[in-house]
There are 2 protein chains.
Amino acid sequence: MSHTAGIRQTQKLKTRQALLDAALLLLEHQSLSSLGLREVTRAVGVTPTAFYRHFEDTAALGVALVEETLGSLHGLIAAVLTETGDSEERLDRSVEVIARHVGAQPAHFRFIAREQHGGVGPVREAIAAQLFRFAEEVALALGQEPGSAGWSEEDLLMLGGFYVDHMVMTASALLEAGPEREREVVRQTRRRLRLVTIGRAHWLDEAPARD
Amino acid sequence: MSHTAGIRQTQKLKTRQALLDAALLLLEHQSLSSLGLREVTRAVGVTPTAFYRHFEDTAALGVALVEETLGSLHGLIAAVLTETGDSEERLDRSVEVIARHVGAQPAHFRFIAREQHGGVGPVREAIAAQLFRFAEEVALALGQEPGSAGWSEEDLLMLGGFYVDHMVMTASALLEAGPEREREVVRQTRRRLRLVTIGRAHWLDEAPARD
DNA sequence: CAAGTCAGTGAACACTCGTACTCCGAACGG
DNA sequence: CCGTTCGGAGTACGAGTGTTCACTGACTTG
């Protein structure tokens, strides 16, 4: 039972990762549906045929990139929301966390924003599935707060999805704005989230139960 | 001063429109950056060379599609918001209007959603410009309501942008959901907008002026 | 240490692509 | 009516595409 290293498998993973990295780099200025298999292998320095040892398609490579980008983020946002502090602080910290992540690996998030509605079905579905998981996690975290007493499961999921969608929106806004307009976007996002938070506080007072 | 017909120009516009229509059809399952010039002309039934008589690029064709889709919508949302009725009614009508438009011309909105963050710069910019105009219009309409007394210009624009972004989000959600899940999406969107509306009503009570 | 596995090679296949030419003929303007 | 304009056709080019195939040689395994 030697699942340690293995020179062969190590090298294979290395090449695979090189393919992913090269693809991400190329995807900065184009979308996945126009990304060529040869283009990627050329950037890595391997033969086009070698690509097939790792991915069936460029679509499959896209799905792998989705996992790489979003898979490691689970629990993160929920953790921020569960932190202590008043709602205003938590809100600021959430936005800050997003801004930091986007700033640290812009290419990954640009990829997600671009392919969320892009032309490659499997990738769209993979992103949607990951985002839905985020929404569930956020809903769960929100449900454990005292401020969410009396909220239905459905409304919590609605709110969680709202936050998640807005995070994606913010990420893509940050990317389009560039570093110099980052503070502006952060400021506007905080205000929008504050609006939602205020609405949340008065939801049970005013929300009609109809339909 | 004969800007009437002209057989020649009429025919030219006809071909141009045929190119746009064919492109839109092809873009249903791929994104603009992977759309070939030849592919479009083949679908129309003209020579590849003829394309250049109408557009310099496929990018230019994309920009034209943006104008076609969003150019005719100006004033529409603002008009709905300016209607009489309580805020709840206006909100429902807004969502209804979106759902109707998306249902009537899905391909156009799919294109917008896809290319908003797509790989073609000029098209992204064209969409962003149009959406900003919408935000301004909505902000103006909101500012004229009694409920917006005391709101700063900046906050009105923030709110207008919020609504517009959410409309785009809703449109793309409707497209992904398909007709059978449409009611579900509409319902969720109404709730989200209601949340924002409630927050809006209490904005001045609770929003700190800081930063 | 021999047998087998398998990541990566290299050449070839049958395409599609954007673009540069020349050319045609119907619509146009004076 | 006649010369000009110009939307579109036709052809050809070089470059790039995904995929298949037989292959090699370093690693792994019994």
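Proteins come first, then strands; the chains are lettered A, B, ... in the order of their sequence lines, and each starts at number 1. Values below: all heavy atoms of this structure, side chains included; hydrogens, waters and symmetry mates excluded.
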Legend entry - Partner residues of E28(B) under the salt bridge (charged side-chain N to carboxylate O under 4.0 Å, His left out) criterion, sequence neighbours left out: R110(B)
Inset, instruction - With axes from five pairs an end, tell me the bend angle of the helix from dC1(C)-dG30(D) to dG30(C)-dC1(D), nearest 10°. - result: 30°
Please list each protein N or O that sits under 3.5 Å from an N or O in nucleotides 20-25 of chain D, with the distance.
none

Legend entry - Contacts of type side chain to side chain contact (heavy atoms under 4.5 Å, CB included), residue E145(B), not counting sequence neighbours: R90(B), L142(B), S148(B), R200(B)
Legend entry - Atom CD of E83(A): over 12 foreign heavy atoms under 6.0 Å: yes
Inset, instruction - Specify the residues of residues 23-30 of chain B, ordered by number, for which at least one heavy atom lies under 4.0 angstrom from an atom of DNA chain C. - result: none
Inset, instruction - Taking only heavy atoms on the protein side, list every residue of residues 14-22 of chain B lying under 4.0 Å from any atom of DNA chain D, sorted numerically. - result: T15(B)
Legend entry - H166(B): partners by ring-ring contact (aromatic ring centres under 6.0 Å, His included), with sequence neighbours left out: F162(A)
Legend entry - By salt bridge (charged side-chain N to carboxylate O under 4.0 Å, His left out) - contacts of E67(B) (at least two apart): none
Taking only nitrogen or oxygen atoms into account, show me every contact under 3.5 Å that the protein makes with nucleotides 12-14 of chain D, one pair per line with its distance.
none

Report all side-chain donor-acceptor pairs from residues 47-57 of chain B shorter than 3.5 Å, counting only partners two or more places apart or in another chain.
none

Inset, instruction - Could you note down all residue pairs passing ring pair (Phe, Tyr, Trp, His ring centres under 6.0 Å) where residues 109-136 of chain A supplies at least one of them, sequence neighbours left out? - result: H74(A)-F134(A)
Legend entry - All salt bridge (charged side-chain N to carboxylate O under 4.0 Å, His left out) counterparts of R42(A), not counting sequence neighbours: none
